[in-house]
Amino acid sequence: MQLPFPLADEPDEISAEKGRKLFAGQTDFLKGVVAMSGLPPSDRLEVCFAGRSNVGKSSLINALTGRKGLARASNTPGRTQEINFFTVNDDHYLVDLPGYGFANAPLAVVEKWQRLLKQYLSGRQNLRRAFVLIDARHGIKAVDEEIMSLLDSSAVTFQCVLTKTDKVKAQDRENVLKQVREKLAKHPAAFPELILTSSEKGDGIPTLRSTIASLI
């Protein structure tokens with residue numbers, strides 16, 4: 001019997017090449033947005049990335065695009081409260097949502113971020129998929145489930161991408177995968193495949209690239 005939420009297969013040669021070509025061109029930072037009025041026109045397809053602070057989101061985006069300093073990680077979790085837009089070959093948007101689950105941000109800042117996120121997710125018609133990043137060392141936490149429930153209610157399909165898999169022993173990884181699958185079963189918007197990645201080792205990057213290429 002096939003497990004629910006199986007691991008995504010490695011792409012075949014054609015799919016891998018499409019993914020490589022998509023990110024082989026120019027990827028540039030466009031703007032950081034702090035209010036809905038600042039969103040760029042929804043005139044092209046986009047995907048977005050969400051994850052807890054320190055989940056390795058900036059490192060993954062940099063590995064994905066092959067641009068080491070494209071997405072900048074803050075030394076202070078939760079400091080960057082902007083939706084960052086990047087252009088991919090001037091044809092698509094890659095969107096970096098602010099890290100969530102930060103402990104030190106003022107309540108007013110958190111509430112403002114939550115409002116902006118809800119507005120973005122519910123009102124962005126050109127958004128094809130959200131990728132929710134989960135630290136492979138820790139699995140899904142309560143704050144991750146909050147964002148997943150928001151994606152459910154916004155009818156936005158999301159796919160879980162596990163990060164830092166190179167830092168987890170095989171047995172521990174299986175335990176985390178079991179927990180992730182059990183949690184995802186409760187979320188109707190969850191896409192039924194998992195992608196395992198390591199930004200440091202490059203593991204899973206071709207799979208993620210080809211997945212995005214198939215969407216946009």
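- Taking 4.0 Å as the cut-off between side-chain N and carboxylate O, Glu82 and Lys31 do not count as a salt-bridged pair.
- The hydrophobic clustering, which links ILVMFWY residues whose side-chain heavy atoms are closer than 4.5 Å, places Val168 and Leu177 apart.
- Judged by distance alone, with hydrogens and angles left aside, the side-chain atoms of Arg209 form a donor-acceptor pair with the main-chain N or O of Leu64 at under 3.5 Å.
- The shortest heavy-atom contact between Pro40 and Leu30 is CB-CD2, 4.1 Å.
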Residue pair Tyr120, Cys48: steps toward the side chain to side chain contact (heavy atoms under 4.5 Å, CB included) verdict: CA-CA 11 Å; Tyr120 167 75; Cys48 71; 3.8 Å; yes
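- Distance check: Leu7 CG to Leu194 CG gives 6.0 Å after rounding to the nearest 0.5 Å.
- Contact record, Gly38 with Val33: O-CG2, 3.4 Å, taken as the closest heavy-atom pair.
- A salt bridge does not link Lys178 with Glu174: none of the charged nitrogens is closer than 4.0 Å to a carboxylate oxygen.
- In this structure, Val34 is not a member of the same hydrophobic cluster as Leu117, with clusters built from ILVMFWY side-chain heavy atoms closer than 4.5 Å.
- A 4.5 Å side-chain heavy-atom check between Lys186 and Asp152 finds every atom pair outside the cut-off.
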Check the pair Phe158, Leu150 against side chain to side chain contact (heavy atoms under 4.5 Å, CB included), reporting the backbone distance first and the verdict last. CA-CA 11 Å; Phe158 70 88; Leu150 176 57; over 6 Å; no
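- When side chains are defined from C-beta on, Glu46 counts as touching Phe85, because their heavy atoms get closer than 4.5 Å.
- Interatomic distance, CD1 of Ile195 versus CG of Leu133, reported as 10.0 Å (0.5 Å rounding).
- Contact check for Leu162 versus Thr197: no side-chain heavy atoms found under the 4.5 Å cut-off.
- Under a 3.5 Å cut-off, the side chain of Ser15 and the backbone N or O of Pro11 do not form any donor-acceptor pair.
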Verify side chain to side chain contact (heavy atoms under 4.5 Å, CB included) between Arg137 and Val176, making sure each step is shown before the conclusion. CA-CA 7 Å; Arg137 299 171 299 180; Val176 167; over 6 Å; no
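- Under the 4.0 Å criterion applied to side-chain N and carboxylate O atoms, Arg44 and Asp91 are not assigned as salt-bridge partners.
- Across all their heavy atoms, Cys160 and Met148 have their closest contact at SG-CE, 3.7 Å.
- To the nearest 0.5 Å, atoms OG1 (Thr157) and CG (Leu215) are separated by 9.5 Å.
- Between Phe131 and Ile212, some side-chain heavy-atom pair lies under the 4.5 Å cut-off.
- Using a 4.5 Å heavy-atom threshold, the side chains of Leu116 and Met36 count as touching.
- Here the CD1-NE2 distance, from Ile140 to His187, works out to 6.5 Å after rounding to the nearest 0.5 Å.
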What do the steps show when you test Asn126 against Arg124 for side chain to side chain donor-acceptor pair (under 3.5 Å), and what is the final call? CA-CA 6 Å; Asn126 57 323; Arg124 199 68 175 167; 3.3 Å; yes
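- Between the Asp96 side chain and the Asn84 main chain, no donor and acceptor come within less than 3.5 Å of each other.
- Screening Thr207, Thr165, Leu208 for a side-chain contact (heavy atoms from CB on, under 4.5 Å) with Leu196, the sole residue that qualifies is Thr165.
- Within a 6.0 Å radius of CD in Glu10, other residues, nucleotides and ligands contribute 12 heavy atoms or fewer.
- Annotation: cation-pi geometry satisfied between Arg129 and Phe191 (NZ/CZ under 6.0 angstrom from ring centroid, within 45° of ring axis).
- Taking a cutoff of 4.0 Å between a charged side-chain nitrogen and a carboxylate oxygen, Asp203 and Lys201 do not qualify as a salt bridge.
- Residues Glu145 and Lys183 are paired through a salt bridge, judged by an N-O separation under 4.0 Å between the basic side chain and the carboxylate.
- The shortest non-hydrogen separation linking Lys57 to Leu97 is NZ-O, 2.6 Å.
- A distance of 5.5 Å separates CG in Leu22 from NE2 in His92, rounded to the nearest 0.5 Å.
- At least one donor-acceptor pair under 3.5 Å links the side chain of Thr163 to the backbone N or O of Val55.
- Across all non-hydrogen atoms, the minimal contact from Ser198 to Asp166 is OG-OD1, 2.9 Å.
- For the residue pair Asn62 and Ser59, no side-chain donor N or O sits within less than 3.5 Å of a side-chain acceptor on the partner.
- Proximity of Ile83 to Pro98: side-chain heavy atoms (C-beta onward) are separated by under 4.5 Å at one or more points.
- Annotation: side chain of Phe5 is not in contact with side chain of Val180 (no heavy-atom distance under 4.5 Å).
- When all heavy atoms of Phe29 and Phe86 are compared, the pair lying nearest together is CA-CD2, 3.5 Å.
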Using side chain to side chain contact (heavy atoms under 4.5 Å, CB included), reason through Phe49 and Val132 one step at a time and then give a plain yes or no. CA-CA 6 Å; Phe49 291 84; Val132 178; over 6 Å; no
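- Residue Gln179 holds its CD atom at 10.5 Å from NZ of Lys141, rounded to the nearest 0.5 Å.
- The side-chain heavy atoms of Leu94 and Phe23, taken from C-beta on, include a pair separated by under 4.5 Å.
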